[in-house]
Structures are given as structure tokens and as C-alpha cells.
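Positions are given from 1, in the same order as the sequence printed here.
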Amino acid sequence: MRTREGARIVVDEGSVIARVRAGEAEAYAELVRAHTPVALRAAVAFGAGADAEDVVQAAFFKAYQSLGRFRDGSAFKPWLLQIVVNETRNTVRSAGRLRALVGREAALLGAEPRIPDAADPAFAALAQEQRTALHTALGRLSHDQRAVVTCRYLLEMDEAETAETLGWPRGTVKSRLNRALKKLGRLLPADDVPAIRPEGGERSG
């Protein structure tokens with residue numbers, strides 16, 4: 001069954017996966033439609049650039065082939081995005097292309113997935129000058145710090161989803177996110193920091 005929450009397509013993932021495993025291969029299209037927007041944003045954010053759609057198609061295919069190993073009761077999105085991240089790394093590595101972070105973030109802002117309603121609320125809420133400041137500051141973070149901020153705020157994933165996507169323990173997610181936000185707190189104008197820190201968090205100067 002498929003419903004909509006605002007602009008998002010929501011599916012009963014467990015039911016769909018069970019149908020696919022039972023031989024109803026066409027049911028997999030429901031998962032593809034529901035998760036293509038965030039998968040495309042993730043691919044671009046982690047460096048796929050113009051290859052993002054190819055990366056996402058390959059990731060969905062690999063996820064389909066691996067459904068037999070998917071743990072019942074788990075969330076599909078972080079499991080899929082882990083495949084997207086790995087596929088992006090392989091694509092960038094095999095192509096021999098290393099893109100600058102600012103270029104990747106600009107591509108993320110301009111990405112228009114084929115499926116509509118994929119606008120990123122975290123970016124939409126920021127004025128253009130704030131976006132520029134954020135992209136510049138992200139470029140001064142380490143790779144791991146950028147990755148955790150991308151997952152938590154640009155892709156709006158929770159702590160558990162971020163840990164699964166990046167293959168890190170939850171404690172590592174917490175510590176790296178904390179360090180990243182402290183550094184962003186020093187780099188960004190004071191008015192920009194609340195837009196990216198967790199609810200209830202305190203801005204670090």
C-alpha cells in the first residue's frame with residue numbers, strides 16, 4: 001500500500017519486500033518511486049555529480065539482487081543509501097575524478113530528480129547568502145565530518161539511519177557530528193548555525 005505524507009511517497013516497506021520475495025517483482029517499483037529522490041540527493045552529495053542517476057539505478061539493482069539478505073523489520077532507506085554511498089565511491093574511483101566539495105554542493109542544489117517533490121527542506125529554509133556560507137564552511141570540514149552532516153541535515157536522516165548508512169557505530173556518529181557542529185559554529189555566522197544544529201543543541205562558538 002502506498003500513501004503520501006505531504007510531498008513524500010510512503011509505502012509499507014515490509015509488505016512490499018515480502019511481495020517481491022514471493023515473486024511479485026513489479027512491486028519493487030513502489031520502493032523505487034518512494035526512495036529515488038533521497039537516493040539522488042545522496043549520490044550527488046557524496047560526489048556522483050552528473051553520474052548520479054546511473055549510480056542510483058545501479059544501487060537499486062544491487063539492492064533488488066540483495067533483498068534476500070535484507071533483515072526483516074529493518075528500515076529500507078538507510079540500507080539502500082549505504083549501497084548508494086558505496087556505489088558512488090566506486091564510480092568516482094573508477095572514473096578517476098575527485099570533485100571539490102563546493103562543486104558537489106552546488107550540484108546538489110541544482111539537482112532536479114526525474115521524480116518530483118524532491119526539494120530538500122534543509123536547503124529551502126536557508127536564504128541564498130546562508131547557503132553560500134554553509135557550503136564554504138562544509139568545505140573546511142574533514143571527509144567524515146562532511147559525511148555525517150550531509151546525512152543528518154541535508155538528507156534529514158536520524159542517528160540510527162546515519163550510522164547504518166555510513167557503517168559507523170552510533171557513538172561514532174555522535175562524536176563526529178558533535179565535532180563537526182562545533183567547527184561549523186566557529187565558521188558560520190551566528191544566525192546560520194541554528195538551522196543545522198539538532199533540536200535542543202547549543203551552538204558552540
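Contact check for V85 versus T165: side-chain heavy atoms found under the 4.5 Å cut-off. Looking only at side-chain heavy atoms (C-beta outward), L181 and Y153 come within less than 4.5 Å of each other. Two residues are said to be in side-chain contact when any heavy atoms from C-beta on lie closer than 4.5 Å; R41 and L154 fail this criterion.
Listed here is the closest heavy atom pair of A63 and W79: O-CH2, 3.4 Å. Listed here is the closest heavy atom pair of P78 and E161: CB-O, 3.6 Å. Heavy-atom minimum distance, A42 versus L81: CB-CD2, 3.9 Å. Taking both residues in full, the closest heavy atoms of R146 and G139 are given as NH1-O, 4.4 Å, listed atom of the first, atom of the second, then distance. Contact between A52 and V44 at its shortest, heavy atoms only, is CB-CG2, 3.4 Å. When all heavy atoms of F60 and A39 are compared, the closest pair comes out as CE1-CB, 4.4 Å.
In this structure, NZ in K182 is found 11.0 Å from CG in L177, a value given to the nearest 0.5 Å. For the atom pair CG of N86 and OG1 of T91, the computed distance is 10.5 Å after rounding to the nearest 0.5 Å. How far CD1 of I17 is from CD of E24: 13.0 Å, rounded to the nearest 0.5 Å. A distance of 8.5 Å separates CD1 of I83 from NZ of K62, quoted to the nearest 0.5 Å.
Checked against side-chain hydrogen bond (donor to acceptor under 3.5 Å, both in side chains), K174 has no partners two or more places apart in sequence or in another chain. Applying the side-chain hydrogen bond (donor to acceptor under 3.5 Å, both in side chains) criterion to D144, with sequence neighbours excluded, gives R176. For R89, there are no side-chain hydrogen bond (donor to acceptor under 3.5 Å, both in side chains) partners at least two apart in sequence or on another chain. With sequence neighbours excluded, the residues forming a side-chain hydrogen bond (donor to acceptor under 3.5 Å, both in side chains) with S66 are R69, listed by chain and number.
Proximity of a side-chain donor or acceptor of E30 to a complementary backbone N or O of A27 within less than 3.5 Å is not detected. In this structure, S74 contributes its side chain and R71 its backbone to a donor-acceptor pair below 3.5 Å. The main-chain N or O of L187 is never found under 3.5 Å from a side-chain atom of R140 such that the two would form a donor-acceptor pair.
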Legend entry - Stepwise salt bridge (Lys or Arg N to Asp or Glu O under 4.0 Å) check, D158 with K77: CA-CA 11 Å; D158 62 26; K77 184 176 78 171; over 6 Å; no
Inset, instruction - Determine, stepwise, if the pair R21 / D72 fulfils side-chain contact (heavy atoms from CB on, under 4.5 Å). - result: CA-CA 12 Å; R21 286 173 172 172; D72 290 334; 2.5 Å; yes
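Sorted by first then second residue, the ring pair (Phe, Tyr, Trp, His ring centres under 6.0 Å) pairs that include residues 23-45, not counting sequence neighbours, are Y28-Y64, H35-F76. Note on residues 163-172: pairs passing salt bridge (charged side-chain N to carboxylate O under 4.0 Å, His left out), not counting sequence neighbours, are E159-R170.
Just one of T150, V92, V55 meets the side-chain contact (heavy atoms from CB on, under 4.5 Å) condition when paired with F46; it is T150.
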